[in-house]
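Beneath this line is the structure, given in structure tokens, with notes to follow.
These numbers were taken from a predicted model, which means no experiment stands behind them. So that the names make sense, note that chain A is the first sequence line, chain B the second, and so on, each numbered from 1. Hydrogens, waters and symmetry mates are skipped; everything else that's a heavy atom, side chains included, is used.
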Amino acid sequence: MSRLEELFKGRSKKALLMPYTTGGYPTVKDCRQVLEAFIAGGADMIELGVPFSDPLADGPVVQASTQQALDQGVTPDDVLQLASEFTSRVPVVLMIYYNCVFAYGVDRFVEAAAAAGVDGLIVPDLPVDEGEEFIDACRARGVDAILMVAPTSPDERIELIAGSASGFIYCVSVAGVTGARTSLSEQLPDFLWRVRARTDVPLAVGFGVSTSEQAAEVARFADGVIIGSRLISMLDEAPDIGDGCRTIVKFLKEVNEVLN
Amino acid sequence: MTIQSRFGPYGGRYVPETVIPALDELAAAYERLKDDSGFRAELNSLLKDFVGRPTPLYFAGRLTEKLGGPRIYLKREDLCHTGAHKINNTVGQLLLAAEMGKKRIIAETGAGQHGVATATAAALFGIPCVIYMGIKDIARQELNVVRMKLLGAEVVPVSSGSQTLKDAMNDAIRDWVGNVEHTYYVIGSVAGPAPYPALVRDFQSIIGREARRQVLESEGRLPDELVACVGGGSNAMGLFAAFLDDQVSMTGVEAAGEGLDSGKHGASIERGQRGVLHGSMSYILQDAYGQIIEAHSISAGLDYPGVGPEHSWLHDEGRVRYDSVTDAEALAAFTLLSETEGIIPALESSHAIAWIVKHAEDYGKDGVVIVNLSGRGDKDVHQAARALGIME
């Protein structure tokens, strides 16, 4: 069992709190402060995005954050460095688009991630059918290849994905891109039961989760809750980074209460 | 499944899991219908009576004389309804969408030709249609924006990234991910995730099948060379596909923009590296970290940092030569064809004309060359006039 799976299975709370932010946003320096705020707010695991020029699984909020990071010249190496500063304190998984992995060299990138202490890699545009080289590289380096399932995935595909999954399975709550939504899909419980029936790997839910009420709802059916765009919006709307981080800590503590 | 999804190492389906089932559904529907006699009959009837096919293979006598080189034939895709080859594909895909019971159509567009062709076909089938278009392209292709709106389509301006075709395609994919169950995504080039590259090639291959028959009729033999411009590469694949097994040389002409060494070009094959963009593995313009680099071309339809995966494979295999011409050379060819043949070509197609102008002397007087005149230049007259100093 991988470290991430042990973390999920040994938990005392209903579901793990897994905040996301874009690496190097708003700046590399300020991003450190954001990650500190995640820890202060009670994050069980942190998801850190590697900025990509064409993030086609992301909605406007994450898109704008990745563009701002890229405009400052943030590279995958910068994000690996940032991650390495935190991996001894909290498990970190990276979200990275496939072309960045491919350009780096698949094995070389996985090796660099392992060296930085990263526990898992999420590649949103690499479905399991195209992922053999990547998944093999992850296995060889002891990094979890975090695979995604969607509400549109038929049972056969869920079985196929479950067969290669480790760490946790990233369940996309709705058919759509990342971003806050006013309500969760009514089909979410059925979808999660369909996945649960086909795997023992823990399930984390992301995309569209933005309030503690939604987190509580998700925690009834899943092992982890991923919140991203809402947190980045808090930074966008705050007058300065200190204020934004304080808002994030307060919000994450509220969410943690409903998850405990 | 027998529809080709890989071309050597290129192609594939690098997209979010959410849309994989929709790609499976599309591939299955296309597999079921492509050889169905009813589907074929309906498609052929639309191509004949709505699109206006077959298009002529026109002997460009004055251009031939002027260049003193090979006998040059123009495949007149500019005479298709809506003014470019794009409609061959959109009519086919709309027929598929209708058969699949889809209730909404989306597409991306660069120059606006694919957007107009999609809006046209959507109007023909009575299905609501949304077109994504970069704001930079909206500014330089205003005529096509008006046409799409007249055809009842909603045009969504895209302001992210380079604000051109690449970003319009990102937003179209994002829309599709969120509305995948009832929405059909009409990709306009031989790009994107499988099965699109093969499917779009098949719908465009009517160009080459007609041209092959027509050149045999007029010359009694196959041509020595085929020339077509390549952005994503659908008009080129459409022409080349029917000749791949023949002893016929082929050239795909990319946009060299302000010069290959200027950094401002669209030459993905000549100056790109292998990578993944918009769902498929191909040659793309990118930096050392895999960030996509903005392309540049005077022609909006060639202003794209990627290329269809089959082109990358045909390049690696040495089956097709890929070369490029600059903005200035394309503009000169735009003027030359207008003045010598009375045909105003699209700036995209002008790249193919410019290539044969540069290389005419490589072929003897008895040589036979087919140039794909993929579209007409009405949409480009304002831009060309500014560039040529004809008007402010």
Side-chain angles (χ1 to χ4, degrees), chain A residues 50-60 63-64 66-67 70 73-79 96-105 109 123-131 147-154 156-158 160-161 169-179 181 207-208, chain B residues 1 5-6 9 11-25 108 158-162 166-183 192-194 272-282 284-294 305-306:
Chain A
V50 176
F52 177 52
S53 55
D54 295 77
L56 51 75
D58 285 303
Q63 276 179 54
T66 59
Q67 191 55 52
L70 285 175
V74 173
T75 68
D77 286 324
D78 295 332
V79 180
I96 180 168
Y97 284 85
Y98 188 58
N99 199 50
C100 291
V101 178
F102 185 78
Y104 206 101
F109 183 78
V123 186
D125 58 346
L126 189 71
V128 67
D129 330 59
E130 306 287 359
L147 302 177
M148 297 178 122
V149 294
T152 51
S153 307
E156 314 83 78
R157 275 198 74 80
I158 293 175
L160 180 73
I161 293 162
I169 293 178
Y170 194 130
C171 303
V172 176
S173 76
V174 287
V177 294
T178 59
R181 287 168 177 81
F207 285 37
Chain B
M1 233 171 288
S5 63
R6 284 275 174 186
R13 305 193 295 182
Y14 299 86
V15 288
E17 173 64 23
T18 307
V19 301
I20 292 284
L23 293 172
D24 284 339
E25 180 195 1
E108 81 292 336
V158 176
S159 56
S160 57
S162 62
K166 160 179 96 75
D167 310 281
M169 198 153 173
N170 287 338
D171 269 5
I173 293 173
R174 291 180 185 119
D175 178 317
W176 199 37
V177 172
N179 300 287
V180 66
E181 292 195 17
H182 65 287
T183 295
Q273 296 86 32
R274 210 180 270 186
V276 167
L277 176 64
H278 295 145
S280 59
M281 175 81 65
S282 198
I284 59 179
L285 300 177
Q286 57 183 327
D287 70 13
Y289 286 108
Q291 308 295 351
I292 308 305
I293 295 172
E294 290 180 18

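Between the CE atom of B/M169 and the CG atom of A/L56 there is a distance of 9.5 Å, given to the nearest 0.5 Å. B/D24 CG to A/E156 CD: the interatomic distance, rounded to the nearest 0.5 Å, is 9.5 Å. For the atom pair CD of A/E130 and OG of B/S280, the computed distance is 10.0 Å after rounding to the nearest 0.5 Å. Rounding to the nearest 0.5 angstrom, the gap separating the OG atom in B/S160 from the CD atom in A/Q67 is 8.5 Å. Going from atom CG of B/D171 over to atom CD of A/Q63 covers 6.0 Å, rounded to the nearest 0.5 Å. To the nearest 0.5 Å, the span separating OG on A/S53 from CG on B/D287 amounts to 7.5 Å.
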| field | Stepwise side chain to side chain contact (heavy atoms under 4.5 Å, CB included) test for A/D54 and B/N170 | value | CA-CA 7 Å; A/D54 295 77; B/N170 287 338; 2.8 Å; yes
| query | Does the pair A/Y97 and B/V276 meet the rule for a side chain to side chain contact (heavy atoms under 4.5 Å, CB included), with working shown? | reply | CA-CA 9 Å; A/Y97 284 85; B/V276 167; over 6 Å; no
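For the residue pair A/N99 / B/Y14, no side-chain donor-acceptor distance below 3.5 Å is found, with atom types taken as modelled. Side-chain contact check for B/E17 and A/S153: at least one donor-acceptor pair (N or O, by modelled atom type) lies under 3.5 Å.
Neither the backbone nor the side chain of A/V123 comes within less than 4.5 Å of any heavy atom of chain B. Residue B/M281 touches chain A through its side chain alone, counting heavy-atom pairs closer than 4.5 Å. Only the side chain of B/I284 comes within contact range of chain A, with heavy atoms under 4.5 Å apart. Residue contact with chain B, scored on non-hydrogen atoms closer than 4.5 Å, involves the side chain of A/L70 exclusively. The contact between B/I173 and chain A is made entirely by side chain atoms (from C-beta outward), counting heavy-atom distances below 4.5 Å. With a 4.5 Å cut-off on non-hydrogen atoms, B/V180 touches chain A through its side chain but not through its backbone. Looking at A/Y98, only its side chain comes within 4.5 Å of chain B, counting heavy atoms on both sides. Proximity to chain B is absent for every atom of A/P60, based on heavy atoms less than 4.5 angstrom apart. B/A288 touches chain A through its backbone: at least one of N, CA, C or O sits under 4.5 Å from a heavy atom, while the side chain does not.
In terms of modelled atom types and a separation under 3.5 Å, the side chain of B/T18 and the main chain of A/A150 share no donor-acceptor contact. At distances below 3.5 Å, not a single donor-acceptor pair connects side-chain atoms of B/Q291 with backbone N or O atoms of A/C100.
Heavy-atom pairs under 4.5 Å with chain A peak, among B/S162, B/P193, B/G12, B/P16, at B/P16. Your options are B/R6, B/E181, B/H278, and the one with the most heavy-atom pairs under 4.5 Å with chain A is B/R6.
Within the 4.5 Å cutoff, the side chain of B/R174 has heavy atoms near those of the A/P55 side chain.
Within a 6.0 Å radius of CD in B/Q273, more than 12 heavy atoms belonging to other residues, nucleotides or ligands are found.
Of all the heavy atoms in A/A103 and B/Y289, the pair that sits closest is CB-C, 3.8 Å.
Listed by chain and number, the residues in a side-chain contact (heavy atoms from CB on, under 4.5 Å) with A/D129 are A/P127, A/R157, A/L160, B/R13 (sequence neighbours excluded).
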